[in-house]
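The residues of the chain are indexed from 1 along the displayed sequence. Side chains included, hydrogens not; waters and symmetry mates left out as well; all remaining heavy atoms used.
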Amino acid sequence: ATDAATTGYGYGTKGDYKSLNTYAYNGTYYLYDTTKNMSGYIGTYTANYGNSLPGSWSVDSNNAFTSSSQGADVDAHAHAGIVYDYFLNTHNRNSYNGNGASIISTVHYGSNYNNAFWNGSQMVYGDGDGSLFSPLSGSLDVVAHELAHAVTEYTANLEYRNQSGALNESFSDVFGYFVEPNDWDLGEDVYTPGKAGDALRSLSNPERYGQPAHMDDFYYTSSDNGGVHTNSGIPNKAAYLTIQSIGKTKAEKIYYRALNTYLSKRSDFSDARAALLQSTADLYGTGSDYNAVKNAWDSVGVY
Ligand SMILES: O=C(O)[C@H](CCc1ccccc1)CC1(C(=O)N[C@@H](Cc2c[nH]c3ccccc23)C(=O)O)CCCC1
Ligand SMILES: [Zn+2]
């Protein structure tokens, strides 16, 4: 059988051309990327609008993933590679487990499914209903958000409820920014395709989309695991203020160090403040950067 790594191409859900790391096997081309220095691979599958995972390999007969139904596959595969490169190049972390674990994505999950998730083993993306969402793998910050959940699971493993869960959420939104720093929004590329200028969440103005930006407005609820997607607005605002003060290059190093070195399952917002301050001191001392982080958390009412 002739088999070898190949370079194909395709169009994302926005019609944008993308080069793809593919693999030829017996005359069929697979979204199977073996070009990274990982023990595993980056692979993209389709659930064919069903719910079984990972589904079947995303394949093409001539290495040109150009049909409209392949756009979500193209985006998931290309964006996964970008996020893999980010964690390796910026944080010297080889995949989510630090040891080259395979990064598996499945697209076309369910029917018009308006969400995406990391299920503990892989990333899964719905196509959206075309009104609330377009296919969710089309947003690089969403893909980074999901893969950051995997990184968190293998590092701090923040429990997904109440304050530790809101921190878990915030770290995923913040790494979504670090990977796609052209705006303070999350999910803007796939959220309400018929309406320009809005997003799922905003790091700079969490209140714009119904999230608190201060502890005084913490949302006590039993839904959504204690409001993890709502209360993340508070640490998200602190992250925005931190990045504005000390810059992305320093901020991403202190955020990664806090997650990887100081935070744990039951860490709360106050623990996050302490972990980020300690990480800042470790890396940059207790001068202006340290004071900026302190001021950011003071501003959101977390001590
Ligand atoms: O990774 C996450 O935190 C979210 C995972 C949601 C999920 C959890 C468990 C099983 C299924 C789905 C997915 C995303 C999220 O923030 N979802 C929110 C907002 C949301 C998306 N689609 C929705 C549809 C209805 C209501 C809320 C939503 C949520 O599930 O709350 C992250 C980036 C974009 C989608
Ligand atoms: Zn999340």
Side-chain angles (χ1 to χ4, degrees), residues 38-40 42 53-54 80 83-84 86-88 90-106 115-125 141-179 186 201 203 211 218-219 221-236 238-239 242 251-283 293 297 302:
M38 51 204 298
S39 49
I42 296 176
L53 297 172
V83 181
Y84 170 84
Y86 168 79
F87 278 103
L88 184 70
T90 310
H91 305 293
N92 195 29
R93 187 181 189 87
N94 188 351
S95 196
Y96 51 84
N97 73 341
N99 199 23
S102 292
I103 295 172
I104 309 288
S105 303
T106 295
N115 224 326
F117 56 93
W118 166 261
N119 75 349
S121 306
Q122 66 162 100
M123 293 181 282
V124 185
Y125 301 95
D141 57 16
V142 167
V143 173
H145 178 109
E146 298 310 341
L147 206 52
H149 276 310
V151 172
T152 294
E153 195 174 314
Y154 281 85
T155 52
N157 193 21
L158 288 159
E159 200 169 2
Y160 203 61
R161 65 195 187 97
N162 303 330
Q163 284 195 22
S164 54
L167 279 180
N168 188 319
E169 269 305 299
S170 178
F171 272 87
S172 275
D173 281 352
V174 173
F175 277 104
Y177 170 80
F178 289 143
V179 173
L186 187 101
R201 290 189 284 274
L203 285 168
Q211 290 186 286
F218 190 93
Y219 177 56
T221 178
S222 57
S223 61
D224 189 32
N225 300 298
V228 300
H229 290 99
T230 302
N231 293 311
S232 56
I234 296 162
N236 280 1
T242 298
E252 62 195 342
K253 292 283 192 294
I254 70 168
Y255 270 80
Y256 182 73
R257 182 171 178 82
L259 193 65
N260 196 34
T261 308
Y262 294 113
L263 292 172
S264 57
K265 252 181 107 51
R266 308 297 297 275
S267 294
D268 63 13
F269 287 1
S270 182
D271 296 325
R273 173 195 167 111
L276 289 158
L277 282 170
Q278 185 59 56
S279 299
T280 306
D282 296 345
L283 297 170
V293 175
W297 287 85
V302 173

*Between Y262 and D271, is any pair of side-chain heavy atoms under 4.5 Å apart?*
no

*Please step through ring-ring contact (aromatic ring centres under 6.0 Å, His included) for the pair F171 and H149, ending with a clear verdict.*
CA-CA 8 Å; F171 272 87; H149 276 310; over 10 Å; no

*Would you check if the side chain of S95 reaches a backbone N or O of A101 as a donor-acceptor pair within less than 3.5 Å?*
yes

*Supply the atom-to-atom distance L53 CG to S121 OG, rounded to the nearest 0.5 angstrom.*
9.0 Å

*Quick one: do the N236 and S170 side chains pair a donor with an acceptor below 3.5 Å?*
yes

*asked:* Would the distance check show the side chain of N97 and the main-chain N or O of G100 forming a donor-acceptor pair, the cut-off being under 3.5 Å?
replied: yes

*Is the closest side-chain heavy-atom distance between D268 and L167 below 4.5 Å?*
no

_Ignoring hydrogens and geometry beyond distance, is a side-chain donor-acceptor pair present between Y219 and Q211 at under 3.5 Å?_
no

*Is there a side-chain contact between V302 and I234, using heavy atoms and a 4.5 Å cut-off?*
yes

*Could you go through the side chain to side chain contact (heavy atoms under 4.5 Å, CB included) check for Y125 and T106 one step at a time?*
CA-CA 6 Å; Y125 301 95; T106 295; over 6 Å; no

*Short side-chain to backbone donor-acceptor contact, N231 and V228, under 3.5 Å*: no

*Below 4.5 Å, heavy atoms only, C-beta onward: do W118 and E153 meet side chain to side chain?*
yes

*Judged by atom type as modelled, is there a donor-acceptor pair below 3.5 Å linking the side chain of D224 to the main-chain atoms of H229?*
yes

*asked:* Using 0.5 Å steps for rounding, measure from the OG atom of S264 to the CG atom of N157.
replied: 9.5 Å

*Output yes when a side-chain donor or acceptor of T90 lies under 3.5 Å from a complementary backbone atom of F87, and no otherwise.*
no

_Strictly distance-based, threshold 3.5 Å: is any side-chain N or O of S102 a donor or acceptor partner for the main-chain N or O of I104?_
no

_Main-chain N/O of S164 paired with N162 side-chain donor or acceptor, under 3.5 Å_ = no

*Salt bridge check: are E159 and K265 linked by an N-O gap of less than 4.0 Å?*
no

*asked:* Rounded to the nearest 0.5 Å, what separates atom CG in N119 from atom CD in E146?
replied: 10.0 Å

*Are any side-chain N or O atoms of T155 and backbone N or O atoms of T152, one a donor and one an acceptor, separated by less than 3.5 Å?*
yes

*Without swapping roles, check the side chain of Q163 against the backbone of F269 for a donor-acceptor pair under 3.5 Å.*
yes

_Looking at R257 and E252, is there a salt bridge between them, counting it only when a charged N and a carboxylate O are closer than 4.0 Å?_
no

*With a cut-off of 6.0 Å (strictly less than), are more than 12 heavy atoms of other residues, nucleotides or ligands near CZ of F218?*
yes

*Do the non-hydrogen side-chain atoms of F175 and Y86 ever get within less than 4.5 Å of each other?*
yes

*Determine, step by step, whether R201 and E169 satisfy the side chain to side chain contact (heavy atoms under 4.5 Å, CB included) criterion, reporting the C-alpha distance in whole Å, the side-chain angles of both residues, the deciding distance to 0.1 Å, and the verdict.*
CA-CA 11 Å; R201 290 189 284 274; E169 269 305 299; 3.6 Å; yes

*Kindly assign one of parallel, tilted or perpendicular to the pair Y96 and Y154, based on the angle between their ring planes and the thresholds 30° and 60°.*
tilted

